[in-house]
> 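Below you will find the structure I want to go over with you.
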Amino acid sequence: MSDISFVRTEMLPEQEPPASTVGAIGWARENLFSNWFNSLLTVISIYFIYMVLKGALPWMLSPTWNGTSLAHCREILTEAGRVTDHGVSGACWGVINERWQQLLFGFYPNGSEPGTTDLRWRPVLAFLLMGVALAPVLFADKVPSKLLYFSAAYPFIFPWLLWGGTIWGPLSAALGFVIGYFVYRFVSSAFSGLIGIILGVVCAVVWWLVLSSLFVGAMNSILPIGIEAVESRKFGGFMLSITIGVVAIACSLPLGIVLALGRQSDLMIVKFLCVGFIEFIRGVPLITLLFVASTLLNIFMPPGTNFDIILRVLIMVTLFAAAYMAEVIRGGLAALPKGQYEGADSLGLNYWQAQRLIIMPQALKISIPGIVSTFIGVFKDTVLVSIIGLLDPLGLSNAIRADANWNGIVWEIYGFIGLLFFIFCFSMSRYSMYLERKLQTGHR
Amino acid sequence: MSSITDPGKQQFRLSMLIYDTRYRSGTIQVIAMIGFMLLAAWLISNTAQNLAALGKPIDFGFFSEPASYDINQRLLDYTSRDSHLRAALVGLLNTLVVAVLGCITATILGVIIGVLRLSHNWLIARLMTIYVEMFRNVPVLLWIVFIMAILIETLPAPRAFKGVETGALVLTNRGFYIPEALFSRSLGDIHLLGESSLRFDVSLDFIAIIVVLVASLYASHVIKTRADRIQAATGDRPTTWYLRLGVVVVPMVLLLVALGFHLGMPELKGFNFKGGTHLRNSLIALWLALSLYTAAFIAEIVRAGIMAISHGQTEAAAALGLRPNRIMSLVVLPQALRVIIPPLISNYLNLTKNSSLAIAVGYMDITGTLGGITMNQTGRELECILLLMLVYLTISLSISAVMNWYNESVKLKER
């Protein structure tokens with residue numbers, strides 16, 4: 001029988017892939033024009049992008065950086081031949097050039113008034129030091145852990161740099177914590193942990209409320225060390241937003257953890273109080289809480305108390321953020337398998353040990369995305385203080401637009417403010433993604 | 001040998017309140033309760049002292065005094081001679097209007113954007129990502145004032161419409177004008193609650209339309225269940241779409257003809273438009289900004305919800321021979337909804353609470369009336385703000401109650 005099967009003995013030469021499936025054309029075919037609907041969408045989006053760029057780019061590239069008023073900007077634009085049917089077209093960047101420092105620092109002393117010096121290095125230094133203080137927290141694996149001592153001291157340096165005044169104020173506030181800690185250490189080793197905590201807190205509160213003012217007065221008369229004080233009403237711009245945002249974020253995290261633990265606790269009354277607080281705060285808009293800060297908080301305090309508006313706003317924003325934080329952390333606590341709690345119990349850990357060593361590290365890790373988005377939300381919400389009359393960027397923008405020179409300016413200022421907020425919030429969300437990846441221990 | 005002693009036989013000692021876990025929780029709770037009571041008592045006594053010093057004890061009598069300010073965008077009839085209570089009521093309705101409108105448009109936009117962000121089209125997916133990041137990372141208050149500025153600065157003034165005179169949708173820098181529904185053979189209104197502050201008119205035409213609509217939808221539902229039954233019994237589904245359509249459309253058309261329904265067009269009279277419904281800039285800006293802002297969040301929720309459904313579900317459905325749109329509606333969406341709904345609820349709540357920012361553009365919602373002008377005119381901060389909080393708390397808790405009930409009904413029934 002003859003062999004009639006055909007067997008190819010040599011390989012066919014390799015062929016180039018068709019030009020339509022590789023390179024730019026292949027990519028475009030696959031990603032932009034895979035079917036008629038996608039092609040339609042692509043064409044529409046290209047047209048849309050073209051229209052936006054055609055409108056926005058010439059407007060943005062306008063040679064008005066040195067304009068001194070809106071009228072001057074228009075003159076520059078007319079000279080440059082940027083005249084259309086609707087009058088001159090082009091942004092008036094002079095307003096940003098003239099006012100960007102105000103948008104950043106508000107009315108913080110800049111040495112322009114006679115008898116004052118430029119103090120703006122203080123907020124700048126405070127925010128730079130904040131970077132240093134946050135580094136060991138944010139990038140724990142890349143910086144020496146000794147920096148944590150600086151982080152612990154930073155909450156007292158920060159207000160001192162911003163508000164100025166005597167150094168003994170922040171020092172005595174810090175001393176309260178030290179006293180509370182040592183009382184706790186001493187009492188808890190002698191008696192019990194619970195008594196230690198209670199006594200420690202009581203001692204610290206007594207120190208702050210009664211003794212610290214005496215201490216500050218005495219030390220101030222002996223050793224008057226201090227820097228020039230700045231009133232709260234001089235605060236403004238992004239400095240104010242960042243201050244409110246950072247303080248609210250820093251204080252709301254521990255408060256939120258306590259509230260979340262309270263809400264998850266078996267103690268009926270504690271749980272009831274925490275649920276009531278969280279649901280109340282989450283049920284009302286922030287603006288009503290700010291109204292409370294601006295009008296009611298003084299009524300709630302002992303007669304004659306009149307404390308600073310920024311401090312009042314800080315308190316309410318912190319409470320607001322804490323309620324949201326508590327819900328985020330509760331989600332993390334609820335997501336932990338019950339076995340973790342039972343495992344901690346079976347090791348003989350008490351409640352706080354279990355929370356500190358087993359539960360919280362995992363729960364916080366799970367809730368990082370939620371925590372960061374709460375942070376971003378709080379930071380964005382700081383613009384609401386413009387409604388109660390504080391001069392945050394938005395409040396300042398109204399003041400700038402009321403200026404005779406800049407009356408009629410709209411897009412430039414809003415665009416600038418929006419851009420800065422975008423940069424802050426976007427970088428925070430990117431950081432949270434980085435942290436998620438870093439803490440991902442590979443249970444997938 | 002067990003070395004455990006029986007704790008029950010021990011004498012009760014005072015230190016056991018702290019050391020013994022059986023009593024310790026009680027101790028902590030009592031301390032917490034006492035602390036809370038002390039705090040509350042301290043706040044209340046401070047408040048009482050301060051109010052006494054200011055000479056204005058808590059009194060809600062100001063509600064019946066005339067408000068003497070105007071509210072330009074309103075659903076109820078209101079004049080400046082009406083009471084503060086009436087003004088607050090008008091404001092509350094305005095809050096609800098913008099919240100409901102905003103939730104609807106934000107949901108529609110959010111779903112579209114969320115789906116498009118998952119598109120295989122590279123350009124569209126990037127554009128939608130830019131949209132989401134742009135709106136999520138800039139404060140909503142900034143968007144509200146920004147859109148308000150766009151409306152005022154870019155739209156033409158009413159006098160630019162000389163020669164056009166009328167239109168179905170007129171966009172001017174004073175607001176939008178849309179046609180209004182008019183009935184030439186109207187059934188009239190019922191005036192409820194007489195002349196009190198809570199009075200309101202109910203249009204009988206409106207009630208008639210609602211009744212007919214509900215009845216015809218019910219009839220359509222009956223037809224559908226009958227068709228389902230027949231399909232289940234015989235395997236053949238009778239064609240019902242024309243019946244179901246007719247049952248809804250025909251009675252409605254007949255009713256509208258009988259009532260003499262026609263549209264009242266806005267017309268240019270002098271320097272402004274008359275007739276039609278006038279949606280003011282403040283309402284449009286607030287509505288648009290809240291919708292666009294919340295849509296960015298809803299888009300992310302929708303995207304996460306769809307991505308949470310494992311690809312195997314889609315493949316299994318395709319293996320059963322379902323077409324892509326049936327896969328979406330029968331397999332993917334019902335499962336994705338369970339992931340989507342809880343965060344969606346909280347976004348609706350956020351939108352409702354954010355509507356209080358209306359005060360920045362002068363839309364008279366409850367914050368603008370009760371927490372704004374009324375508070376400033378009467379000087380009753382405590383009463384106004386507490387009531388304002390109570391109103392928002394009630395709205396929030398009712399939305400979350402309704403939505404939780406819905407969530408409960410679509411939840412996976414585990415056995």
Side-chain angles (χ1 to χ4, degrees), chain A residues 27 30-32 34 37-38 41-42 45-46 48-49 191-192 194-195 198 266-270 273 279-280 282-289 291-292 295-296 298-303 305 376 379-384 386-387 393-394 397 410-411 414 417-419 421-426 429, chain B residues 15 18-19 24-25 27-33 36 42-43 46-47 49-51 53-54 116 119-124 127 133-134 136-143 145-146 149-150 153 349 352-357 359-360 367 371 375 381-382 384-385 388-389 392-397 400:
Chain A
W27 181 86
E30 191 175 336
N31 291 304
L32 299 179
S34 55
F37 183 65
N38 266 346
L41 284 180
T42 306
S45 354
I46 290 177
F48 174 77
I49 295 172
F191 301 103
S192 96
L194 188 66
I195 300 181
I198 294 174
D266 300 327
L267 311 174
M268 273 305 290
I269 296 177
V270 175
L273 289 177
E279 291 303 326
F280 171 71
R282 278 162 40 92
V284 299
L286 177 58
I287 188 71
T288 58
L289 295 176
F291 282 157
V292 170
T295 59
L296 288 188
N298 275 338
I299 295 185
F300 292 150
M301 291 292 127
T305 324
I376 296 177
F379 184 60
K380 284 189 298 180
D381 281 343
T382 56
V383 289
L384 265 64
S386 65
I387 292 181
L394 207 58
S397 80
V410 184
W411 319 114
Y414 287 154
I417 298 171
L419 184 70
F421 268 108
F422 181 83
I423 292 171
F424 280 117
C425 298
F426 190 68
S429 71
Chain B
S15 62
I18 290 169
Y19 293 112
R24 183 158 59 185
S25 67
T27 318
I28 295 175
Q29 296 199 62
V30 168
I31 292 175
M33 197 64 208
F36 174 71
W42 184 67
L43 289 177
N46 283 339
T47 312
Q49 283 181 43
N50 281 316
L51 288 180
L54 289 171
L116 283 184
S119 157
H120 294 301
N121 188 321
W122 183 86
L123 199 58
I124 281 284
L127 270 185
E133 295 296 349
M134 195 172 84
R136 278 204 314 174
N137 287 318
V138 174
V140 62
L141 185 57
L142 199 59
W143 283 119
V145 292
F146 188 72
I150 292 181
E153 301 280 332
L349 285 174
T352 310
K353 283 182 284 173
N354 280 339
S355 73
S356 61
L357 299 179
I359 198 168
T367 313
M375 182 170 86
E381 295 95 0
L382 188 68
C384 285
I385 292 179
L388 187 61
M389 287 181 153
Y392 276 112
L393 206 55
T394 315
I395 297 176
S396 300
L397 292 182
S400 57

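Naming convention: chains lettered A, B, ... in sequence-line order (proteins, then strands); numbering from 1 in each chain.
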> Is the CD atom of Glu30(A) crowded by more than 12 outside heavy atoms at less than 6.0 Å?
no
> Taking side chain as everything from C-beta outward and backbone as N, CA, C, O, which of these in Ala149(B) sits under 4.5 Å from a heavy atom of chain A? Side chain, backbone, both or neither.
both
> Please classify the contact between Ile359(B) and chain A as side chain, backbone, both or neither, with a heavy-atom cut-off of under 4.5 Å.
side chain
> Determine whether Phe300(A) and Trp42(B) make a side-chain contact, defined as any pair of heavy atoms from C-beta on separated by less than 4.5 Å.
no
> Rounded at 0.5 Å granularity, tell me how far CG in Leu142(B) sits from OG in Ser397(A).
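Here the interatomic distance stands at 8.0 Å.
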> Rounded to the nearest 0.5 Å, what separates atom CG in Asp266(A) from atom OG in Ser25(B)?
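Separation between the atoms: 8.5 Å.
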> Among Glu133(B), Met33(B), Arg24(B), Gln49(B), which residue has the highest count of heavy-atom pairs closer than 4.5 Å to chain A?
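Between Glu133(B), Met33(B), Arg24(B), Gln49(B), the count favours Glu133(B).
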> Quick one: do Ile150(B) and Trp411(A) satisfy side chain to side chain contact (heavy atoms under 4.5 Å, CB included)? Show the steps, please.
CA-CA 9 Å; Ile150(B) 292 181; Trp411(A) 319 114; 3.4 Å; yes
> So which of Ile395(B), Leu43(B), Thr367(B), Ile385(B) has the largest heavy-atom pair count under 4.5 angstrom toward chain A?
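The candidate making the most pairs under 4.5 Å is Ile385(B).
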> Could you check whether any side-chain heavy atom of Phe37(A) comes within less than 4.5 Å of a side-chain heavy atom of Asn121(B), counting everything from C-beta outward?
no
> May I ask you to test the Leu141(B)-Ser386(A) pair for a side-chain heavy-atom distance under 4.5 Å?
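Yes. Closest side-chain heavy atoms under 4.5 Å.
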> Is it the backbone or the side chain of Phe146(B) that comes under 4.5 Å from a heavy atom of chain A, or both, or neither?
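Phe146(B) touches chain A through backbone and side-chain heavy atoms alike.
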> Could you tell me which portion of Val30(B) (side chain, backbone, both or neither) has an atom closer than 4.5 angstrom to a non-hydrogen atom of chain A?
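Neither part; nothing is under 4.5 Å.
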> Quick one: of Phe421(A), Phe422(A), Phe280(A), who has the most non-hydrogen atom pairs under 4.5 Å with chain B?
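Winner by heavy-atom pair count: Phe422(A).
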> Who wins among Pro285(A), Ser34(A), Ser429(A) for the most heavy-atom pairs under 4.5 Å with chain B?
Pro285(A)
> Mind ranking Trp27(A), Phe379(A), Phe48(A) by heavy-atom pairs under 4.5 Å with chain B and telling me who comes out on top?
Trp27(A)
> Would you please test Asn354(B) and Leu286(A) for side chain to side chain contact (heavy atoms under 4.5 Å, CB included) and show each step?
CA-CA 8 Å; Asn354(B) 280 339; Leu286(A) 177 58; over 6 Å; no
> Closest heavy-atom contact between Gln29(B) and Met268(A)?
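Residues Gln29(B) and Met268(A), closest heavy atoms: OE1-N, 3.1 Å.
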> I need the residue from Ile28(B), Leu388(B), Leu127(B), Thr352(B) with the largest number of non-hydrogen atom pairs under 4.5 Å to chain A.
Leu127(B)
> Would you mind reporting whether Pro303(A) and Asn46(B) have side-chain heavy atoms less than 4.5 Å apart?
yes
> Between Lys380(A) (side chain) and Arg136(B) (backbone), is there a donor-acceptor pair under 3.5 Å?
yes
> Closest approach of Ser119(B) and Asn38(A), non-hydrogen atoms and distance?
OG-OD1, 4.2 Å
> Could you check which of Ile376(A), Ile287(A), Leu296(A), Val270(A) has the highest count of heavy-atom pairs closer than 4.5 Å to chain B?
Leu296(A)
> Any heavy-atom pair between the side chains of Val140(B) and Val383(A) that's under 4.5 Å?
no
> Between Gly371(B) and Phe291(A), what is the shortest heavy-atom contact and its length?
O-CE1, 3.8 Å
> Under a 4.5 Å cut-off applied to non-hydrogen side-chain atoms, are Met134(B) and Phe426(A) in contact?
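They are not in contact (no side-chain heavy atoms under 4.5 Å apart), so the answer is no.
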> OG/Ser45(A) to CD1/Ile124(B) distance, rounded to the nearest 0.5 angstrom?
3.5 Å
> Side chains of Ile387(A) and Leu357(B), heavy atoms from C-beta outward: is any pair under 4.5 Å?
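Yes, side chains in contact.
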> Do the side chains of Met389(B) and Leu289(A) get nearer than 4.5 Å, heavy atoms only?
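Side-chain contact under 4.5 Å: yes.
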> For the residue pair Leu393(B) and Gly283(A), what are the closest heavy atoms and their distance?
CD1-CA, 3.6 Å
> Go through the atoms of Ile299(A) and report whether side chain, backbone, both or neither lie under 4.5 Å from a heavy atom of chain B.
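For Ile299(A), backbone and side chain are both near chain B.
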> Show your reasoning for whether side chain to side chain contact (heavy atoms under 4.5 Å, CB included) applies to Ile198(A) and Ile31(B).
CA-CA 10 Å; Ile198(A) 294 174; Ile31(B) 292 175; 4.0 Å; yes
> What distance separates His120(B) NE2 from Leu32(A) CG, expressed to the nearest 0.5 Å?
13.5 Å
> Without swapping roles, check the side chain of Asn50(B) against the backbone of Met301(A) for a donor-acceptor pair under 3.5 Å.
yes
> Relative to chain B, which of Leu419(A), Leu273(A), Thr382(A), Val410(A) shows the most heavy atom pairs under 4.5 Å?
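Of Leu419(A), Leu273(A), Thr382(A), Val410(A), Leu273(A) has the most heavy-atom pairs under 4.5 Å with chain B.
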> Given heavy-atom pairs under 4.5 angstrom as the criterion, report whether the side chain, backbone, both or neither of Asn298(A) touches chain B.
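Backbone only.
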> Check each atom of Ile46(A) against the heavy atoms of chain B and say whether the ones under 4.5 Å are side chain, backbone, both or neither.
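For Ile46(A), backbone and side chain are both near chain B.
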